[in-house]
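Note sheet for the following structure.
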Amino acid sequence: QGLKDAIGKYCLIGAAINQWQSDGQVPEADALTDKHFNCAVAENCMKPESLAPAEGIFDFRVADKFVSYCEQHKLKVIGHCLVWHSQAPDWWFTNGYAASPASKEVLKARLIKHIKTVVGHYKGQVLGWDVVNEAIEDNGSFRNSHYYRLLGEEFIEIAFRAAHEADPDAELYYNDYSMGQPAKREAVCKLVKKLKAKGLRIDGVGMQSHNGLDYPNLAEYEKSIDAFAACGVKVMITELDMNVLPNPEGFGGADIAQNFELQKRFNPYTEGLPAAKQKEVDQRWLDLFKIYYKHRDQISRINLWGVSDGGSWLNGWPIKGRTNYPLLFDRQYKEKPVINEIIKLYK
Ligand code: G3I
């Protein structure tokens with residue numbers, strides 16, 4: 001029995017799939033995907049930087065392969081993402097070769113063109129899009145991104161409108177991290193209500209859920225599930241994983257392989273997790289899934305951010321070269337025993 005046989009009765013269950021997998025290079029991951037998942041998100045290849053390398057050029061080759069992979073493996077496709085401050089192409093914000101910044105009008109036109117072209121290209125093939133990703137800070141204020149600086153908060157409306165025009169049947173989502181933070185929760189609810197009041201389509205709120213062993217505060221996290229559902233949108237757990245390593249302050253970008261001191265402090269489980277630590281990690285997974293089960297009427301999708309531990313972005317962030325254990329399948333593509341406990345919760 002796979003996760004999709006149990007959890008699939010209530011909601012979609014999927015994973016972020018990387019390019020190696022959708023290019024057909026990881027048969028072990030294909031087998032796990034077939035057994036456990038019924039939806040998928042492209043980990044990187046549908047982001048603006050990948051699809052729009054230069055003005056006037058769209059490169060759909062890798063993303064098209066991902067979409068055919070999903071068709072072949074019977075996975076509903078979730079599009080990620082249309083507007084994000086990170087992994088946006090640099091040329092969006094400047095004028096040609098000149099160093100001068102793009103004007104408000106130019107940026108607006110580029111955003112609309114991008115969204116209409118991409119959503120139009122996949123019309124009918126994508127169930128729903130992360131239209132805007134990470135526009136709100138943890139303190140509830142708008143992120144001071146290029147979009148916000150030039151267009152103000154209206155950039156969000158512009159994006160949702162363009163996406164809906166390009167594919168009226170596609171679901172549209174707002175997606176962000178640290179969604180258990182009270183100020184952020186409030187700001188996201190305000191945004192959803194505002195979009196709805198203006199007659200714009202918004203179907204869901206994505207709670208990324210890049211979790212750790214001691215964050216988020218689960219009571220606050222649960223409050224956010226309730227709060228988003230109360231705004232009349234679907235709640236989605238969109239990028240679920242669990243960082244089991246200590247989070248260093250001030251070492252962002254450091255290369256751990258070059259520093260013995262950092263190895264000892266921040267890469268302590270290179271030989272595998274000790275039994276006691278594994279128990280703690282398993283308990284944390286169960287605590288989370290108990291919440292998801294309890295809120296099964298509000299949650300419409302649970303999506304892990306990766307398939308196996310070896311492929312997770314958390315081996316490279318916030319320090320490069322760590323050995324992390326953030327997912328439900330290990331480096332040998334074996335199912336971790338906690339999966340059966342999760343399945344039991346849904347029986
Ligand atoms: O593919 C290139 C390769 O050609 C190049 O040689 C190499 C050198 O750096 O980079 C490779 O691209 C990397 C890519 O991952 C694929 O591995 C990028 O540098 C790297 O920046 C990129 O990181 C991704 C990150 O988003 C970008 O910000 C992670 O894989 C991806 O898991 C992560 O996902 C984000 C979600 O989209 C939004 N929420 C947070 C989440 C985690 O950061």
Side-chain angles (χ1 to χ4, degrees), residues 14-23 25-26 29 39-53 59-63 65-66 69 77-90 92 114 118 126 128-138 143 145-147 159 173-181 184 188 204-212 215-216 236-245 247-248 251-258 301-322 324-329:
I17 288 187
N18 62 33
Q19 192 181 333
W20 295 279
Q21 186 177 340
S22 52
D23 276 353
Q25 298 176 41
V26 202
C39 71
V41 180
E43 186 171 0
N44 286 302
C45 69
M46 281 188 166
K47 291 172 182 173
E49 187 183 63
S50 311
L51 293 179
D59 183 350
F60 289 110
R61 286 173 297 180
V62 179
K65 263 197 176 173
F66 164 74
Y69 179 94
V77 181
I78 308 297
H80 173 85
C81 51
L82 297 171
V83 183
W84 186 24
H85 64 277
S86 179
Q87 287 196 307
D90 291 339
W92 274 10
H114 180 82
V118 172
V126 168
W129 284 96
D130 287 337
V131 179
V132 175
N133 195 34
E134 304 176 6
I136 294 172
E137 298 278 9
D138 291 2
R143 178 187 297 278
S145 64
H146 283 293
Y147 316 111
Y173 318 130
Y174 175 78
N175 192 49
D176 213 326
Y177 60 82
S178 299
M179 291 290 243
Q181 295 284 346
K184 194 157 187 164
V188 171
V205 163
M207 300 171 70
Q208 291 187 4
S209 309
H210 292 292
N211 298 331
Y215 61 90
M236 299 172 184
I237 309 302
T238 52
E239 303 184 14
L240 179 60
D241 53 22
M242 201 189 305
N243 187 355
V244 309
L245 298 179
N247 254 346
F251 288 100
D255 192 332
I256 210 158
Q258 295 167 1
R301 173 166 57 101
I302 301 173
N303 202 99
L304 291 144
W305 202 246
V307 176
S308 74
D309 283 346
S312 168
W313 73 292
L314 286 170
N315 297 303
W317 185 91
I319 315 185
K320 292 180 196 151
R322 297 216 280 180
N324 215 329
Y325 303 86
L327 292 165
L328 292 175
F329 307 105

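Just so you know, residue 1 is the first one in the sequence shown, and it goes up from there. In each ligand, atom 1 is the first atom listed, and ligand 1 is the first ligand listed.
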Would you mind listing which atoms of ligand 1 come within a distance below 4.0 Å of any non-hydrogen atom of S86? 28 (O)
Any protein heavy atom sitting closer than 4.0 Å to atom 30 (O) of ligand 1? yes
What is the closest protein heavy atom to atom 15 (O) of ligand 1, and at what distance does it sit? N44 ND2, 3.4 Å
Give me the nearest non-hydrogen protein atom to atom 34 (O) of ligand 1 as residue plus atom name, then the distance to 0.1 Å. W305 NE1, 3.2 Å
Looking only at non-hydrogen atoms, the one of Y177, W20, W84 nearest atom 17 (O) of ligand 1 is W20
Does the protein put any heavy atom within less than 4.0 Å of atom 2 (C) of ligand 1? no
Run down the list E134, Q87, H210, Q208 and name the one with the heavy atom closest to atom 27 (C) of ligand 1. Q87
Backbone, side chain, both or neither: what part of N133 comes under 4.0 angstrom of ligand 1, heavy atoms only? side chain
Main-chain N/O of I17 paired to S22 side chain as donor or acceptor, under 3.5 Å: no
Under a 3.5 Å distance rule, please check whether Y174 uses its side chain to pair with a backbone N or O of A135 as donor and acceptor. yes
As an exercise, identify every atom of ligand 1 less than 4.0 angstrom from a heavy atom of W313. 32 (O), 42 (C), 43 (O)
Can you find a protein heavy atom closer to atom 11 (C) of ligand 1 than 4.0 Å? no
Calculate, to the nearest 0.5 Å, the distance between atoms OG and CG belonging to S50 and D59 respectively. 9.0 Å
Just to confirm, does any protein heavy atom lie below 4.0 Å from atom 42 (C) of ligand 1? yes
Protein heavy-atom partner closest to atom 33 (C) of ligand 1 - residue, atom, separation in Å: K47 NZ, 3.6 Å
Would you find a donor on one side and an acceptor on the other, under 3.5 Å apart, between the side chain of N315 and the backbone of N324? yes
Protein non-hydrogen atom below 4.0 angstrom of atom 6 (O) of ligand 1 present: no
Identify which one of W129, Y173, W305 satisfies the ring pair (Phe, Tyr, Trp, His ring centres under 6.0 Å) criterion when paired with H80. W305
Below 4.5 Å, heavy atoms only, C-beta onward: do P216 and N211 meet side chain to side chain? yes
Determine yes or no for a side-chain-to-main-chain donor-acceptor pair under 3.5 angstrom, with K47 supplying the side chain and A42 the backbone. no
Nearest non-hydrogen contact to atom 40 (C) of ligand 1 from the set E239, E49, E43 belongs to E239
Side chain R143, main chain E134, donor-acceptor under 3.5 Å: yes
Using a 3.5 Å distance criterion without hydrogens, assess whether the side chain of D23 forms a donor-acceptor pair with backbone atoms of Q25. no
